[in-house]
Every structure is written in structure tokens, then in C-alpha cells.
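This report refers to the structure that appears directly beneath it.
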Amino acid sequence: MTLHQQIKAASLAALQALYPEQAFELDQIAVNQTKPEFTGHYTVVLFPFVKTLRCKPNELGEKLGDYLLAHTSLFSAHQTVSGFLNLSIKDQVFTDLLLHNFNNPNFGKAAPKSKKVMLEYSSPNTNKPLHFGHLRNIFLGYATANILKNDGQEVIKANLVNDRGIHICKSMIAWQDYGNGATPSSTGIKGDHLVGDYYVRFNNEYKKQIAALVSQGMDATQAEKEAPIMQATQAMLRDWEKGDENVRQLWKMMNDWVYEGFNNTYARLGVDFDKYYFESNTYLLGKQLVESGLANGILYQKEDHSVWVDLSDEGLDQKLLLRGDGTSVYMTQDLGTAKLKYDDYGIDQSIYVIADEQNYHMQVLQIILKKLGEPCWKGIYHLSYGMVELPSGRMKSREGTVVDADDMMDEMIVLAKEQTEAAGKTEGFSDAELQDLYEMIGMGALKFYLLRVEPKKKMIFDPKESIDLHGFTATFIQYAHARICSILRRENLPIMPDSSHFQGFVASEKLTDAEGKLLLSLEQFPEVLKAAANEYSPAIVCNYAFGLAQLFNSFYDNHPIAKAATDEKKNLRLMLIVMTAQVLRQGMNLLGIRLPEKM
RNA sequence: GGUCCCGUAGCUCAUCUGGAUAGAGCGACAGCCUUCUAAGCUGUAGGUACUUGGUUCGAGUCCAAGCGGGAUCACCA
């Protein structure tokens with residue numbers, strides 16, 4: 001049990017004992033961290049009780065505080081200030097925590113529970129490379145999966161690849177018409193970028209053709225339909241659906257280029273997947289669901305044979321599920337895939353990491369599944385995040401106004417190199433070690449930048465301003481970690497020393513304010529991770545880790561560690577920084593951010 | 001127009017789910033390296049939490065209305 005929980009429980013028991021005629025609920029008891037301007041670590045708010053108990057807040061505070069001190073071994077002092085009972089935690093509670101956990105790699109890790117979730121993220125289209133916006137999705141998905149695993153859940157990371165459709169054919173047509181047989185190996189261009197180039201090429205040609213038709217007097221919407229390149233693309237899609245061998249071959253070849261590129265990018269990003277779904281395999285699945293829904297009278301059919309669902313009882317509109325010609329739409333596919341995931345793994349929850357532009361779609365998906373009586377509807381959770389925009393607005397790959405993911409990584413690593421060199425911190429590293437360090441710093445900064453904001457909020461990224469390596473950044477946390485490792489090296493201690501290094505240690509000296517603050521923060525790590533899991537929010541971990549690193553830096557500045565006044569203090573502080581480093585590592589590890597031992 | 005999301009320091013964000021005088025980072029200004037890494041630390045300036053009402057002992061947080069920004073409401077995905 002965390003201190004926070006213990007204090008709540010103890011306060012409840014105390015109130016119950018002091019006022020046996022009253023009934024109290026755990027939820028009524030608000031326990032907060034004490035504000036820095038007051039003495040104490042945790043604060044019980046007394047106002048909720050003064051009305052029913054008809055007593056003065058300060059009297060209640062005194063009574064409650066006295067009782068807690070007498071009946072628990074948690075507190076050393078209490079003080080009531082204008083309705084708030086401030087409790088000071090005994091040093092021994094903190095030193096016990098430290099002794100038991102300073103080198104515990106499982107501190108903050110929850111016991112396994114029987115909950116199986118699938119978390120779908122990334123889910124790219126295969127017609128263009130990944131951009132900065134996708135990175136938010138990917139980091140968010142990967143980090144959240146780790147956070148849920150840490151919470152004891154079984155997590156299957158899935159990637160639903162959108163590998164078919166008209167947009168894929170656009171790149172194919174452009175390559176066929178203008179590519180002259182270019183391949184990644186013949187051009188030296190990464191596969192996903194090469195295909196993306198032809199997607200842009202398609203749009204350029206398309207625009208030209210429309211303009212030409214319009215100048216001949218055709219109206220714009222007509223021209224959009226009749227542009228020869230669009231006609232050819234639609235024909236290609238039909239051929240694809242028919243299984244035309246040449247088209248399928250071209251399709252497979254170009255998609256393979258893209259996958260090779262994506263795999264390269266995923267590897268650099270440090271993310272992976274347990275299961276891939278391909279829309280070319282699953283896009284027909286939903287049809288069956290829709291047909292049985294039609295047979296059961298849950299859905300209805302119009303004269304043109306198109307199939308619809310009526311959601312007016314949910315306050316929504318009608319939604320098309322099958323076209324008049326029997327082909328499926330986006331929603332149909334998603335219905336099928338949702339069921340497939342459930343059937344494949346018997347999952348309890350199905351999480352979708354998808355941008356907030358699809359909030360409505362996800363809401364409708366769930367409602368339709370519910371109407372169809374598919375049990376998988378219950379577990380659907382849309383982890384919605386705000387889009388990443390440029391100062392000029394949304395990124396449009398069609399218009400080439402995107403910040404490319406691969407370029408971004410390169411730039412971040414260059415930035416890390418420049419700043420490391422500028423700080424004169426390259427001595428004592430081999431070239432390979434430096435390269436690894438730049439990678440850690442650059443990628444760490446990028447990941448942290450995208451994860452530190454609450455997922456729901458949209459972000460604006462200005463490419464002209466590079467991502468900072470100071471302040472609220474991964475670099476700051478990495479630096480704190482490197483400093484700790486440096487001290488341990490000088491003391492000839494491993495990063496994770498076992499208790500034999502501290503034989504015979506007894507904590508008897510009073511903790512300083514800074515020591516207490518660090519320990520208080522360390523103690524909160526498990527509940528922070530719990531909150532991050534409950535709220536699907538890596539940002540909570542970012543904020544916590546930064547706060548902890550801040551506390552450490554401040555502690556470091558005014559407390560000698562290796563040269564502490566007594567052996568006891570030295571050992572205590574060494575254990576304290578070992579634990580701090582371990583918690584920082586574990587927290588950042590959940591976010592996919594590595595911490596160097598030297599920088 | 002309907003529905004949903006957002007609005008906190010010049011900028012980027014927190015505020016532990018309703019608690020004390022709203023906190024960090026960047027930027028600005030002023031200090032701190034013969035002592036474990038100055039990518040750091042300490043301090044100063046910076047606020048009508050979009051507005052107006054309401055609920056409450058207590059509201060940035062909950063409710064209502066309005067203002068501003070965004071998303072979405074396709075036989076696109």
C-alpha cells in the first residue's frame with residue numbers, strides 16, 4: 001500500500017474511532033501532498049467533516065492528529081493550519097522504504113492481473129512515408145502499451161496496415177507512368193519515400209490534367225472525375241479487386257518497398273508489434289457481419305440494395321455499411337476487424353490509438369457493434385490524441401508540407417551532436433559510443449517532446465524552432481541520471497549495487513529536507529504509474545520523472561554525497577541516488593527513452 | 001446548423017479529479033564552477049485561469065449561457 005492510501009485508511013479508521021456514531025466513507029477523505037510553505041508531507045482536508053460533526057476544523061485536526069500519532073507508526077508530528085491537518089512522515093518510514101527498495105528493479109511494477117488487451121497503433125497507409133504526426137501516434141501507442149504491461153496487464157501490440165484502396169493505386173499509377181522502372185536500389189531512395197514521391201507526383205499530374213480540362217471549358221467537378229490519370233487509377237483499383245495478376249504484382253512489389261522502409265523506421269524508433277493486420281486480408285470480413293445484421297432486421301436496405309444502420313435512437317444519423325454494389329466501406333472493414341481481434345485473442349479490451357479527427361467514427365463503430373450484438377463492443381476504447389500541426393496548419397502529404405519522420409530523427413541526432421560538442425563533453429568516448437549517445441539524446445528529446453503533453457491536446461510544432469535540450473526535456477532527466485552514474489563510478493559501485501555494499505547500515509541521523517523530498521517523491525512512483533495506466537497517459541510519467549530529476553539536481557547541489565559528513569550519511573545518500581537512478585530509468589524505459597551512464 | 005474537444009504567465013505546458021497565497025520549462029533580468037558533470041543550481045519580474053452567472057464551507061477544476069479556436073456530421077479512408 002502506498003503512503004497515500006495508508007494515510008487515507010488510517011484517517012478513516014481514526015475518524016470512525018473518534019466518532020463511532022457517525023459513518024464515514026473513504027472517498028470523503030482528501031489527502032494531498034502538503035504545500036511547500038507548510039511543514040509536513042501529507043495533508044488531510046478537514047472541511048468535509050466539520051458540518052456533520054459540528055466542530056471547529058482546528059479542534060478536529062488536533063484530535064485526529066493526536067489519534068493518528070498515537071495509533072499508527074507513520075507520523076512524527078502534526079500541525080493543523082486553518083482547516084488542514086499537516087502530517088509529517090517519520091524518517092524511519094522513508095529509510096525503511098529506501099532499504100527495501102533502493103535496488104529493487106520491480107519497484108512500481110504491479111502484480112500480473114488477468115486482463116488481456118490489444119493496443120492498435122501506428123496503422124499506416126502504404127502510399128507515403130511516416131511523418132511527424134505519425135510519430136505522436138507511435139510513441140503514444142508504444143509507451144501506453146508498456147505502461148499497461150507494467151500495470152500487470154497482458155498487452156498485444158497490433159498494427160493494422162492500410163495497404164489497399166484508391167490512395168494506394170495513386171502511387172502505383174504514377175510509378176507505372178513516370179517511374180521508368182525506378183526502384184529503391186536503383187535510386188538509393190528508401191522504399192517508403194520512393195513510393196511517397198510517386199504519390200506526390202500523382203497529385204501534381206492530376207492537378208495539371210484538371211487545369212487542362214477546365215481551360216478547355218469543362219467544369220471543375222466534372223474535370224476531377226474525368227482526368228485521365230484518375231480514370232486510370234479507378235480502373236486499377238477495379239483490376240486489383242478482381243485479382244488482376246499484373247496489378248497485384250505491382251502492388252505487392254511497391255508495398256514491399258514500403259514495408260522495408262517502415263521496418264527500418266520502426267527499428268530506429270525502437271518500437272515493435274506483436275501482430276500485423278492487413279486490410280487487404282480483412283476488408284471483406286465486415287460484410288458477413290452486416291449481412292447477418294440485415295437478416296436479423298437490425299439493419300435495413302434501401303431500394304438500391306445499399307445497407308444502412310439507423311442510429312437515430314442514439315442521437316446520431318443513418319450510416320451506410322454496404323454500397324449498392326455490395327462493396328464495403330471503411331466502417332464495414334472496421335466492424336470486421338474489431339470482431340477478428342476479439343476472436344483471435346479473446347481480449348478483454350481493444351484499444352485504438354487514433355487521432356481525434358476520428359472520434360465520431362469510433363463512437364459509431366462501437367454503437368454498431370453493440371447493436372449487432374457483438375460482445376467485442378464493450379472492450380473498445382478509443383485512445384484519442386490531438387493532431388500535430390504546423391504553424392501554417394495541418395500537414396498535408398499531398399501538398400508535401402509534412403515534416404518527415406526520418407528527417408526529423410536525423411535532425412534531432414545532429415542537434416544532439418552539435419550541443420554535445422558545443423558543451424565540450426565528447427572526451428573519453430569512442431566514436432561508436434558518441435554515436436550511441438547522440439542517438440539516445442536526440443531520440444529521447446523527440447520522444448519526450450511528443451509524450452509530455454496530455455494526449456487529448458493538440459500540438460503545434462514549428463520546424464524553424466528546434467526541439468530544446470534544456471528544461472522540461474528528456475535531456476534533463478538523462479543528465480541527472482548520468483551524474484548519478486558518475487558518482488557511483490567514482491565510488492566503485494555498480495549501477496545497481498546489492499545490499500552487501502551497505503552491510504551493517506543503520507539509519508539513525510535525521511533526514512534533511514532535500515533527502516525527505518526525494519524519498520517522498522520516490523515513494524509515489526508506484527501510484528504515478530498506476531495513474532498513468534488508468535488514464536492511458538505517458539505524459540503523467542514525463543511530468544513525474546522531470547520532477548524527480550529536478551529534486552535530485554537540487555539535492556545534488558547542496559548535499560555532498562561521496563564526501564558526506566559521516567559514513568552513515570554517505571551510505572544513505574548513495575542508496576538514495578541508486579534508487580533515484582533506478583526509478584528514472586524505469587520510468588523512461590516505459591516511454592522508450594534510454595538513459596546514458598555518461599554524457 | 002447538430003455533436004464533440006480545447007481556451008491557465010509573452011511562448012510551451014502542469015495543477016494529484018473540488019482544497020491552503022494557481023506551479024514548472026523556455027524567453028528576460030541578477031547571482032553560483034580551485035568541492036561528486038554548469039545540458040545544472042539559486043533568486044527576481046511575469047496571472048482578472050476567455051466572459052458572465054450558478055452550485056459549494058471552498059471552483060482553473062462541476063453546471064448553464066455566451067465568446068474565440070479546432071474536429072466531425074460522405075456510397076473517402
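For the numbers below, each heavy atom of this structure counts, side chains included, while hydrogens, waters and symmetry mates do not. By convention in this document, chain letters (A, B, ...) are assigned in the order of the sequence lines, proteins followed by strands, and residues within each chain are numbered from 1.
- Nearest approach of A:Lys517 to A:Leu551, heavy atoms of both residues: O-CD1, 3.7 Å.
- Going from atom CD of A:Glu535 over to atom C1' of B:A14 covers 13 Å, rounded to whole Å.
- One atom, NZ of A:Lys530, and another, C1' of B:U17, lie 16 Å apart when rounded to the nearest Å.
- Closest approach of A:Gly444 and A:Ala474 over heavy atoms only: O-CB, 3.3 Å.
- In this structure, A:Arg490 reaches the B:U37 phosphate: one of its side-chain N or O atoms is under 4.0 Å from OP1 or OP2.
- When the nucleotides B:C41, B:C26, B:C76 are ranked by their closest atom to the side chain of A:Asn553, B:C41 comes out on top.
- As rounded to the nearest Å, B:A9 and B:U3 have C1' atoms that lie 34 Å from one another.
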Could you run down the sub-3.5 Å N/O contacts of the protein with nucleotides 20-23 of chain B?
from	atom 1	to	atom 2	distance (Å)
B:A20	OP2	A:Lys35	NZ	3.4
B:A20	N6	A:Thr43	OG1	2.7
B:A20	N6	A:Asn86	OD1	2.7
B:A20	N1	A:Asn86	OD1	3.3
B:A20	N1	A:Asn86	ND2	3.4

Distances under 3.5 Å only, N/O to N/O: pair up the protein atoms with those of nucleotides 55-57 of chain B.
from	atom 1	to	atom 2	distance (Å)
B:C57	OP1	A:Lys51	NZ	2.5

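- Between A:Leu469 atom CG and B:G40 atom C1' the separation is 14 Å, expressed in whole Å.
- Take the nearest nucleotide of RNA chain B for A:Asn543 and for A:His4: the residue whose nucleotide is more 5' is A:Asn543.
- Taking every heavy atom of residues 560-567 of chain A and every atom of RNA chain B, pairs under 4.0 Å involve A:Pro560, A:Ile561, A:Ala562, A:Lys563, by number.
- Judged by distance alone, the side chain of A:Arg323 and the main-chain N or O of A:Ser306 form no donor-acceptor pair under 3.5 Å.
- Atoms CG (A:Asn558) and C1' (B:U35) sit 13 Å apart, rounded to a whole Å.
- As a whole-Å value, the separation of A:Met362 CE from B:C73 P is 14 Å.
- Between B:A77, B:G19, B:C26, one nucleotide has an atom nearer to the side chain of A:His361 than all others, and that is B:A77.
- Looking at which nucleotide of RNA chain B each of A:Met459 and A:Gln318 is closest to, the 5′-most match is held by A:Met459.
- Across all strands shown, B:A30 is found opposite B:U42 as a Watson-Crick or G-U wobble partner, with both distances under 3.5 Å.
- Counting to the nearest Å, the C1' atom of B:U12 and the CG atom of A:Leu450 are 13 Å from each other.
- For the atom pair CG of A:Leu87 and OG1 of A:Thr80, the computed distance is 8.0 Å after rounding to the nearest 0.5 Å.
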